[in-house]
*Asks:* 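For reference, the structure I am asking about is given below.
Treat the numbers as computed from the prediction; the structure is a model and nothing was measured. Every chain is numbered from 1, with letters handed out A, B, ... down the list of sequences.
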Amino acid sequence: MPDNLVIVESPAKAKTIQKFLGNDYKVMSSYGHIRDLHKKDFSIDIDNGFEPIYEIPSDKKALVADLKKAAKQAKTVWLASDEDREGEAISWHLYEVLGLKPENTKRIVFHEITKPAIVEAIKHPRAIDINLVNAQQARRVLDRIVGFELSPVLWKKIKPALSAGRVQSVAVRLIAEREKEIRNFKSEPYYRVTSTMQPEGSQASVAAELNTRLKTHDQAVAFLEACRTARFTVGAVTVKPVKKSPAPPFTTSTLQQEAARKLGFSVSQTMRVAQSLYESGLITYMRTDSLNLSNLALGAIGNEIETTLGKQYLKIRKYHTTSKGAQEAHEAIRPTAIAHRDIEGTAQEKKLYNLIWKRTIASQMADAELERTTVDIAVSNRPEHFTATGEVINFDGFLKVYIESTDADATPADMHTLPPMTTGKGMMARDVTATQRFTQQPARYTEASLVRTLEELGIGRPSTYAPTISTIQARGYVEKGESKGTKRDYEVMMLAGDKIETKRKSELTGAEKGKLLPTDVGMVVNDFLMQYFPSILDYNFTAKVENEFDEIAEGKEVWNNEIGKFYKKFHPDIEKVSALRLEHKVGERVLGNDPKTGKPVSVKIGRFGPVVQLGSKDDDEKPQFASLQKDQSIETITLADALKLFEMPRNLGKFEDADVTVAIGRFGPYVKHNGKFVSIPKTMSPQSITLDEACQLIVDKRESEAKKVIATFAEEPELQVLNGRYGPYISYKKQNFKIPKGKDAAQLTLADVRAIVADESNATKSSARRAARAAATKKPAATKQPATRKKKAAKA
DNA sequence: CAGTGAGCGAGCTTCCGCTTGACTT
């Protein structure tokens, strides 16, 4: 047993450091925090200075026992967790739990996993910084107080199992407020005027645009009329050098953004792939807010650029973070060996690695030098003028390797040159076009753009961006989905030759895919929290408490006092709001009265989501309830639409002596007959479907069911060849397998099928399991009702 | 992807940050 025990946070890191330190050291990992507040209890002694009550979670007990044993055998224990608030606390918990002694415990830190950095760190040990630890305890206790006092208020006033917290509630607020902006947005039309011109005596064509937008149809027509007889002359020609600089190397949030834009990865997908690259030793740590690259890495990158591209492409740069609250315990995300351009791995791993490689290289490359030419073209009978621009790259610099993407809809940087034009030269307009455009509504958040905004606000940490997005979906506050656009007409007027031609065209506007949309529950919870707890939802709340944590870390404030001050203000609000007696349920909207019965109709959040209610609970008769459909919302539903929901279930009549009923279930409208269900296709509506149509659906379903089983085998009842929506497949113990191309499903023998199952399960085991896991974590977000979902999960 | 289909008076639910692992009834 070596004399020295080194404890780091991550096992992959431990492996690397073990190599650097050799046999005199044993390097182990704590796997993050080893101790925390109890999972289920409040675990804060309010009356006793907010003393936290810690426990070692059951899944960490074996690990802690191992660490304890190793610590006993070592002469010196080196606590090498990260140099930030959380890392310091991890070291402190280790010190306490392992029963270490000051004389044989050393605290060391490094910001990069390189041999020189580790060796240097060993030379400069220090003691645990208890002020920094206390700042972490304050952070932990504050989050627990906010989360565990606020959430029960929501259970009581809105719906069980909801949650609120310093980070997630602000994330929901951003999405909810953006949606309100969009709902209130009034699009204004305007006219954009473009022209294809050609210098006199030349065949070259020049794309030019008018320097102002025209407001109305009449103004656009008047302008085109003027152009009919106008002369066009080149005015000022300006040539300006333009420099472009590369983007800094990746942090967690910029990696998530670029992987979303360039590769279409979700935030959690990016982290999963990055984790596997990290574990294979291919990239540095993937949860970081640092832009720093180690000197060792800079040397290697410089060498790579110089030898493959040439010295003129090299420019070593030091980037400094500007993001709020960055703790910079690691390096930026980079390849561990820059000479490796390509790696072995899955397609996703290759793509993500390639992205990281390019970004890292580009960050140390020379600026691109461009020349931008702007030509003004005067219109003889109008004050406005056209402008044509051209761009030439004189030196491509970093553009040779990497161009950062933007969120704006793909507008490729159209690099083009202009033909020679000098002041005074005449221009011919081949055509002049006025196109009606509309001011654009604000864009909804994507996962990645939400992460960017949270980071800008200093809310959340690299390790929590992906989990936060999962949480707000799992709670049903937000859904990832498409918003159907609306069709909009616009006009295009074109002057060609002597004629002005007007065309009407139409486009789809506001259609978005993969965007984060607030649900009714999300909206109601946000409104509620904004009304009663605005200080917690304040975008600056985190920044403010971070300042206090900094004071604690510097030893200027005592953490218990700071939490005490907060609690004194916060807790009475909780008491007050819990005791409120509200006339209507939170978020309830009264739509009017049912014309038939005169009873009131209202919409609100029920136990299982948004419902419409007919009648009041004070009536003699019990009120009737019906769930809102997926595309309906509490805020926008009309009385007429709400009343329609009560028409379900409808009894259409009898078929083969059994009732045929129509209803709307979790997965849309369906026909029920004799205990069997058939989905109603989108082309029909549950309100208008006839008995004949319904019977047809039932018969069709029977037919496809009959065709479903292609082959079964007496020897293996669980093995079947079935006909699915996407063609024939093999089903075996709840798993499905593709049938290889070129084989006739009906002709397969038992041996064939067994071979396919054996082969497929061997070949795709890891990826299939990974996919299953992804689906399992994703599902809760997609379905609407938590209660039924849980039952299912338990069964499965 | 391979098939699902309710209830609105049981119970329990929840935070943020560190880190990876993964029973077979």
Side-chain angles (χ1 to χ4, degrees), chain A residues 8-13 29-37 39-43 59-60 63 81-82 84-87 89-90 93 136 139-155 159-169 275 279 285 287 329 459-464 467-468 471 475 542 604-609 611 613 617 622-627 649 663-672 675-679 708 722-731 734-738 769-773 775-776 783 785-788 790-792 796:
Chain A
V8 297
E9 292 181 34
S10 145
K13 206 191 228 183
S29 159
S30 74
Y31 291 81
H33 278 290
I34 55 153
R35 211 162 62 152
D36 191 14
L37 302 175
K39 220 170 121 85
K40 304 248 166 192
D41 306 340
F42 193 58
S43 293
D59 58 329
K60 287 285 173 97
L63 169 75
S81 50
D82 297 345
D84 55 22
R85 207 160 58 202
E86 297 298 326
I90 288 172
H93 282 300
Q136 192 274 347
R139 198 280 304 155
R140 183 67 190 90
V141 166
L142 176 92
D143 282 336
R144 175 52 68 90
I145 292 174
V146 171
F148 274 41
E149 295 215 337
L150 219 41
S151 300
V153 179
L154 299 180
W155 306 343
K159 188 164 107 79
L162 295 176
S163 67
R166 174 176 58 82
V167 173
Q168 60 169 284
S169 295
Q275 174 88 28
E279 284 172 11
Y285 196 56
R287 290 187 276 264
I459 297 171
R461 306 277 314 130
S463 66
T464 60
T468 299
T471 300
R475 300 278 171 276
T542 291
K604 63 181 174 189
I605 303 290
R607 245 182 106 65
F608 299 94
V611 286
Q613 177 179 338
K617 65 173 190 280
K622 265 195 172 180
Q624 251 185 294
F625 294 94
S627 290
I664 295 165
R666 281 212 282 156
F667 310 99
Y670 64 89
V671 174
K672 193 175 173 189
K676 294 206 174 212
F677 298 89
V678 192
S679 289
K708 188 179 161 192
L722 301 176
N723 220 339
R725 250 164 77 201
Y726 302 88
Y729 67 98
I730 295 164
S731 164
K734 304 264 168 201
Q735 273 203 50
N736 300 315
F737 302 88
K738 271 188 288 189
R769 199 188 290 162
R770 213 177 285 171
R773 214 187 310 142
T783 46
Q785 280 77 9
T788 47
K790 241 176 243 161
K791 270 180 230 153
K792 286 247 168 56

*Asks:* Base, sugar-phosphate, or nothing for A:Arg139, non-hydrogen atoms under 4.0 angstrom?
*Replies:*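 Base, at least one base atom sits under 4.0 Å.
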*Asks:* In whole Å, what is the span from the CG atom of A:Leu63 to the P atom of B:dC18?
*Replies:* 18 Å
*Asks:* When the C1' atoms of B:dG11 and B:dG7 are considered, how many whole Å apart are they?
*Replies:*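 Approximately 16 Å lies between the C1' atom of B:dG11 and that of B:dG7.
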*Asks:* Under 4.0 Å between a side-chain N/O of A:Arg287 and OP1 or OP2 of B:dT20, yes or no?
*Replies:* yes
*Asks:* Please give, in whole Å, the distance from B:dT13 C1' to A:Glu149 CD?
*Replies:*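 A:Glu149 atom CD is separated from B:dT13 atom C1' by 16 Å.
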*Asks:* Using salt bridge (Lys or Arg N to Asp or Glu O under 4.0 Å), reason through A:Arg287 and A:Asp82 one step at a time and then give a plain yes or no.
*Replies:* CA-CA 12 Å; A:Arg287 290 187 276 264; A:Asp82 297 345; over 6 Å; no
*Asks:* Starting at the 5' end of DNA chain B, which residue's closest nucleotide do you reach first, A:Asp41 or A:Pro467?
*Replies:*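 Per heavy-atom nearest nucleotide, the more 5' residue is A:Asp41.
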*Asks:* Select base, sugar-phosphate, or nothing to describe what A:Pro11 touches, counting heavy atoms under 4.0 Å on all strands.
*Replies:*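 Here A:Pro11 touches the backbone only, sparing every base.
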*Asks:* Mind checking if A:Gln275 touches a base, just sugar-phosphate, or nothing, with heavy atoms under 4.0 Å?
*Replies:* sugar-phosphate
*Asks:* Across the strands shown, which category fits A:Ala164 at heavy-atom distances under 4.0 angstrom: base, sugar-phosphate, nothing?
*Replies:*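 The residue A:Ala164 makes sugar-phosphate contact but no base contact.
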*Asks:* Whole angstrom is fine here: how far is it from CG in A:Asp59 over to C1' in B:dT20?
*Replies:* 10 Å
*Asks:* For A:Gly87, which contact category applies under a 4.0 Å heavy-atom criterion: base, sugar-phosphate, or nothing?
*Replies:* nothing
*Asks:* Specify the closest pair of heavy atoms between A:Leu154 and A:Ala164, including all atoms of both residues, with the distance to one decimal.
*Replies:* CD1-CB, 3.9 Å
*Asks:* Would you call B:dG9 syn or anti, using the 90° rule around 0?
*Replies:* syn
*Asks:* Rounded to whole angstroms, how far apart are CZ on A:Phe148 and C1' on B:dT14?
*Replies:* 5 Å
*Asks:* Please report the distance, rounded to the nearest Å, between OH in A:Tyr670 and P in B:dT4.
*Replies:*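 From A:Tyr670 OH to B:dT4 P: 13 Å.
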*Asks:* Answer yes or no as to whether B:dC8 has its base stacked against A:Phe625, where stacking requires a ring-centre separation under 5.5 angstrom and planes under 30 degrees apart.
*Replies:* yes
*Asks:* Does B:dT19 have OP1 or OP2 sitting under 4.0 Å from an N or O in the side chain of A:Ser10?
*Replies:* no
*Asks:* Compute whether any side-chain donor of one residue and acceptor of the other, for A:Arg475 and A:Ser163, lie under 3.5 angstrom apart.
*Replies:*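 Distance-only check passes for A:Arg475 and A:Ser163.
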*Asks:* If we require ring centres under 5.5 Å and near-parallel planes under 30°, does A:Trp155 stack on B:dT13?
*Replies:*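 A:Trp155 ring centre within cut-off of B:dT13 base, planes near parallel; stacks.
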*Asks:* For the base of B:dC15, is there a side-chain donor-acceptor partner from A:Arg144 under 3.5 Å away?
*Replies:* yes
*Asks:* Heavy atoms from C-beta onward define the side chain here; which of B:dC8, B:dC16, B:dC15 lies closest to that of A:Arg607?
*Replies:*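 Looking only at heavy atoms from C-beta outward on A:Arg607, the closest nucleotide is B:dC8.
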*Asks:* Do the ring planes of A:His33 and A:His93 sit parallel (below 30°), tilted (30 to 60°) or perpendicular (above 60°)?
*Replies:* perpendicular
*Asks:* Determine the contact category for A:Leu162: base if any of its heavy atoms lies under 4.0 Å from a base atom, sugar-phosphate if only primed atoms, P, OP1 or OP2 are that close, otherwise nothing.
*Replies:* sugar-phosphate
*Asks:* For A:Arg85 and B:dG17, what is the distance between atoms CZ and P respectively, to the nearest whole Å?
*Replies:*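 Value for this atom pair: 8 Å.
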*Asks:* Please classify the nucleic acid contact of A:Gly32 as base, sugar-phosphate, or nothing, using heavy-atom distances under 4.0 Å.
*Replies:* base
*Asks:* Nearest to the side chain of A:Arg461 - B:dG17, B:dT14, B:dC8?
*Replies:*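 From the listed options, B:dG17 comes nearest.
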*Asks:* Whole Å only: how far is the CD1 atom of A:Ile459 from the C1' atom of B:dC15?
*Replies:* 15 Å
*Asks:* Does B:dG17 have its OP1 or OP2 closer than 4.0 Å to a side-chain nitrogen or oxygen of A:Arg140?
*Replies:*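 So the side-chain polar atoms of A:Arg140 never come under 4.0 Å of the phosphate oxygens OP1 or OP2 of B:dG17.
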*Asks:* I need the single residue from A:Arg461, A:Gln136, A:Arg140 that forms a side chain to side chain contact (heavy atoms under 4.5 Å, CB included) with A:Arg85. Which is it?
*Replies:*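 Single pass found, and it is A:Gln136.
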*Asks:* Does A:Arg475 put a side-chain nitrogen or oxygen below 4.0 Å from OP1 or OP2 of B:dT13?
*Replies:*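 It does not, given that no N or O in the side chain of A:Arg475 lies less than 4.0 Å from OP1 or OP2 of B:dT13.
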*Asks:* Think A:Gln613 has a side-chain N or O under 4.0 angstrom from the OP1 or OP2 of B:dC8?
*Replies:*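 It does not, given that no N or O in the side chain of A:Gln613 lies less than 4.0 Å from OP1 or OP2 of B:dC8.
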*Asks:* Taking only side-chain nitrogens and oxygens of A:Ser463, does any of them come within less than 4.0 Å of OP1 or OP2 of B:dC18?
*Replies:* yes
*Asks:* Which is true for A:Ser30 with a 4.0 Å heavy-atom rule: it touches a base, it touches only sugar-phosphate, or it touches nothing?
*Replies:*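 The residue A:Ser30 makes no contact with any strand.
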*Asks:* Side chains of A:Ile145 and A:Val141, heavy atoms from C-beta outward: is any pair under 4.5 Å?
*Replies:*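 A:Ile145 reaches A:Val141 side chain to side chain.
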*Asks:* Measure NZ/A:Lys159 against C1'/B:dT14 and give the value in whole Å, please.
*Replies:*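 Rounding to the nearest Å, NZ of A:Lys159 and C1' of B:dT14 are 14 Å apart.
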*Asks:* Please check: side-chain N/O of A:Lys60 versus main-chain N/O of A:Tyr31, any donor-acceptor pairing under 3.5 Å?
*Replies:*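 Yes; judged by distance alone, with no hydrogens or angles, the pair exists.
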*Asks:* Which part of the nucleic acid, if any, lies within contact of A:Ser151, taking any heavy atom under 4.0 Å across all strands shown: a base, the sugar-phosphate backbone alone, or nothing?
*Replies:*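 It contacts base atoms.
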*Asks:* Does B:dT13 have OP1 or OP2 under 4.0 Å away from a side-chain N or O of A:Lys40?
*Replies:* yes
*Asks:* Using a cut-off of 4.0 Å on non-hydrogen atoms, how would the nucleic acid contact of A:Phe42 be classed: base, sugar-phosphate, or nothing?
*Replies:*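 If one applies the 4.0 Å heavy-atom cut-off, A:Phe42 turns out to touch nothing in the nucleic acid.
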*Asks:* Applying the 5.5 Å / 30° rule, does A:Phe608 stack onto the base of B:dC8?
*Replies:*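 Taking the rule of under 5.5 Å and under 30°, the ring of A:Phe608 does not stack on B:dC8.
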*Asks:* Is the distance from OP1 or OP2 of B:dG17 to the nearest side-chain N or O of A:Gln136 less than 4.0 Å?
*Replies:*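 Indeed not, no polar side-chain atom of A:Gln136 lies that close.
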*Asks:* Does A:Tyr31 put a side-chain nitrogen or oxygen below 4.0 Å from OP1 or OP2 of B:dG17?
*Replies:* no
*Asks:* What does A:Val167 touch in the nucleic acid at a heavy-atom separation under 4.0 angstrom: a base, only the sugar-phosphate, or nothing?
*Replies:* sugar-phosphate
*Asks:* Which heavy atom of A:Ser30 sits nearest a heavy atom of A:Ile90, and at what distance?
*Replies:* OG-CG2, 3.8 Å
